[in-house]
Every structure is written in C-alpha cells, then in structure tokens.
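Every heavy atom of this structure was used, including side-chain atoms; hydrogens, water molecules and symmetry mates were not. The sequence lines fix the lettering, A, B, ..., with proteins before strands; numbering per chain opens at 1.
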2 protein chains.
Amino acid sequence: MTVTNDRNLPDEALDRVFHALSDRTRRALVARLLEGPASVKELADPFPVTLPAIGKHLRVLEAAGLMHREIRGRTHICSLTPEALSDAASWLQTYRMFWEESLASLANEAERKEGD
Amino acid sequence: MTVTNDRNLPDEALDRVFHALSDRTRRALVARLLEGPASVKELADPFPVTLPAIGKHLRVLEAAGLMHREIRGRTHICSLTPEALSDAASWLQTYRMFWEESLASLANEAERKEGD
C-alpha cells in the first residue's frame, strides 16, 4: 500500500500540513479563517496569547501552505488556502476504509465476547 | 464556530495525533499497521533507518493513542488503534463543507476572470 492523494503532494508538504494542525491554537486559527479573511489583529483578539505568538503560528500556517496574506498599508489580511486542508483529508480518506473495517471487527469481537 | 468531534476529544489528544501524522515515516508505519498487526522488526525492515529510530517513532504513535503493543516473550507485536485516526478525520470533516465552499468560490472566480 502506498500513500497517494489527489495532488500527489510530496511527503515534505504533508509533513508541514499535519505539523501545522498539531497545535490547538493553529487549528482554531484555521477554523476562524474558514469563515473568511481576517486581519492579524482580528485573528489574535480571541486568544489569551501575545500578538508575536500569534504571528509565529500564522507563519507556520503560511509555511504549510494553509494560509496566505495580503498587505494593505499597515494591515495584513490573512486568507485560508483550503487546498492544503484537502490534502490532509485526502491522506486520511485513503485509509478510512481500512480503519473502518478494523473498528467494525473490534466491535464484532466485543459483541461476541459479551455473548459468551 | 467551535471545534467538535464525535468523541469530544481533548485538544491535547488531537495535538498528539496530528503531531504523530506529521512525519512521513510514521504515516508509512500507520499505513502498514492498517494492513494488520506486525512485530517491531517486520515494521522496521522496509525503512532505511535504524531499529532504535523506528522504536522512537513507534513510541510517538503509542503516545498519540494510534498504536498499542503486546509483548510475547522477546517479540513486541504492534497493532493499530484506529479510533485516533477517526478523531483526526472527524476534525477535518467538521470543516470540510467550509473549505469546499471556499474552493468552489475560488474556481468560480477563476472562471469569471477567464471570461473577462
């Protein structure tokens, strides 16, 4: 079995996407950006962390190709690049039928044991 | 919008699952384990890295709840715990409709520009 996805994304790129999603603040930023573009300040406001800390998280999202920014004067407007999320979902999707089979057989085994 | 999933998985747990998936060797180990249980040696064989390096990757997968091992004499038999993969997929699934809308509107915009 080999790892494939729709865009044939290189391993390095998928490493970066999953790494970007491995932090709850970054996942919350992605969730916020799915609602639409926002300035860095708007993105930072709901979080109890400093603006530089949010800036660092945003750079991780950018490096993973999950986000891009447009500079309008002194304001940076951040937007999601949803393709990268699709790549991560595609990787998981490739294997979904395998783990669903595993979960089903675990459930069957549990039922069988209860019946003993 | 808040992050939810079927098992209401705590943020820390989801952090660990995505972190575990952020390495191509660990993703390949998960892919192999989806085919069925295997010994550490069987898991290590296809990889051009040392057995201790594979051992370290397996501990990351265990810490994320993606894998468990059964010790039979001197052999460790590793098996996938597929629930944790489902949790990661559920997180992505929660947002799929948002990014699919985003992708659709990007495609529409591109078509509109071509028509100009």
Side-chain angles (χ1 to χ4, degrees), chain A residues 1-6 9-37 46 60 64 66-68 79-107, chain B residues 1-6 9-37 46 60 64 66-68 79-107:
Chain A
M1 187 160 56
T2 51
V3 178
T4 55
N5 59 58
D6 296 344
L9 200 72
D11 286 337
E12 307 85 79
L14 207 47
D15 286 359
R16 282 194 294 269
V17 173
F18 280 120
H19 168 67
L21 296 178
S22 74
D23 178 279
R24 68 205 74 172
T25 302
R26 289 196 293 267
R27 287 197 301 278
L29 288 166
V30 166
R32 167 60 191 84
L33 286 170
L34 277 161
E35 294 175 7
V60 174
L66 281 161
M67 192 202 95
H68 59 276
S79 304
L80 204 75
T81 318
E83 289 90 340
L85 275 181
S86 289
D87 294 327
S90 293
W91 187 87
L92 285 163
Q93 193 58 40
T94 306
Y95 299 116
R96 183 182 277 268
M97 69 172 181
F98 289 88
W99 83 67
E100 280 178 353
E101 270 173 27
S102 302
L103 285 170
S105 74
L106 286 173
Chain B
M1 189 159 57
T2 52
V3 178
T4 56
N5 59 59
D6 296 345
L9 199 72
D11 286 337
E12 306 85 78
L14 208 47
D15 286 0
R16 283 194 295 267
V17 173
F18 280 120
H19 169 67
L21 296 178
S22 73
D23 179 280
R24 68 204 74 173
T25 302
R26 289 197 293 269
R27 286 197 301 278
L29 289 166
V30 166
R32 166 61 191 82
L33 286 169
L34 277 162
E35 293 176 6
V60 174
L66 281 162
M67 192 202 95
H68 58 278
S79 303
L80 203 76
T81 319
E83 289 88 341
L85 276 181
S86 289
D87 294 326
S90 293
W91 187 86
L92 285 163
Q93 194 58 42
T94 306
Y95 299 115
R96 184 182 276 268
M97 69 173 179
F98 288 90
W99 84 67
E100 281 178 350
E101 270 173 30
S102 302
L103 285 170
S105 75
L106 286 173

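Both the backbone and the side chain of B:S86 come within contact range of chain A, each with at least one heavy atom under 4.5 Å from a heavy atom of that chain. Proximity to chain A is limited to the side chain of B:R96, based on heavy atoms less than 4.5 angstrom apart. Using a 4.5 Å cut-off between heavy atoms, A:E12 contacts chain B through both its backbone and its side chain.
At least one side-chain heavy atom of A:W91 sits less than 4.5 Å from a side-chain heavy atom of B:V30.
For the atom pair CZ of B:R27 and CG of A:D15, the computed distance is 4.5 Å after rounding to the nearest 0.5 Å. Between atom CG of residue A:L21 and atom CG of residue B:L92 there is a gap of 6.0 Å, rounded to the nearest 0.5 Å.
In this structure, A:F18 and B:S22 approach most closely via the heavy-atom pair CB-CA, 3.5 Å.
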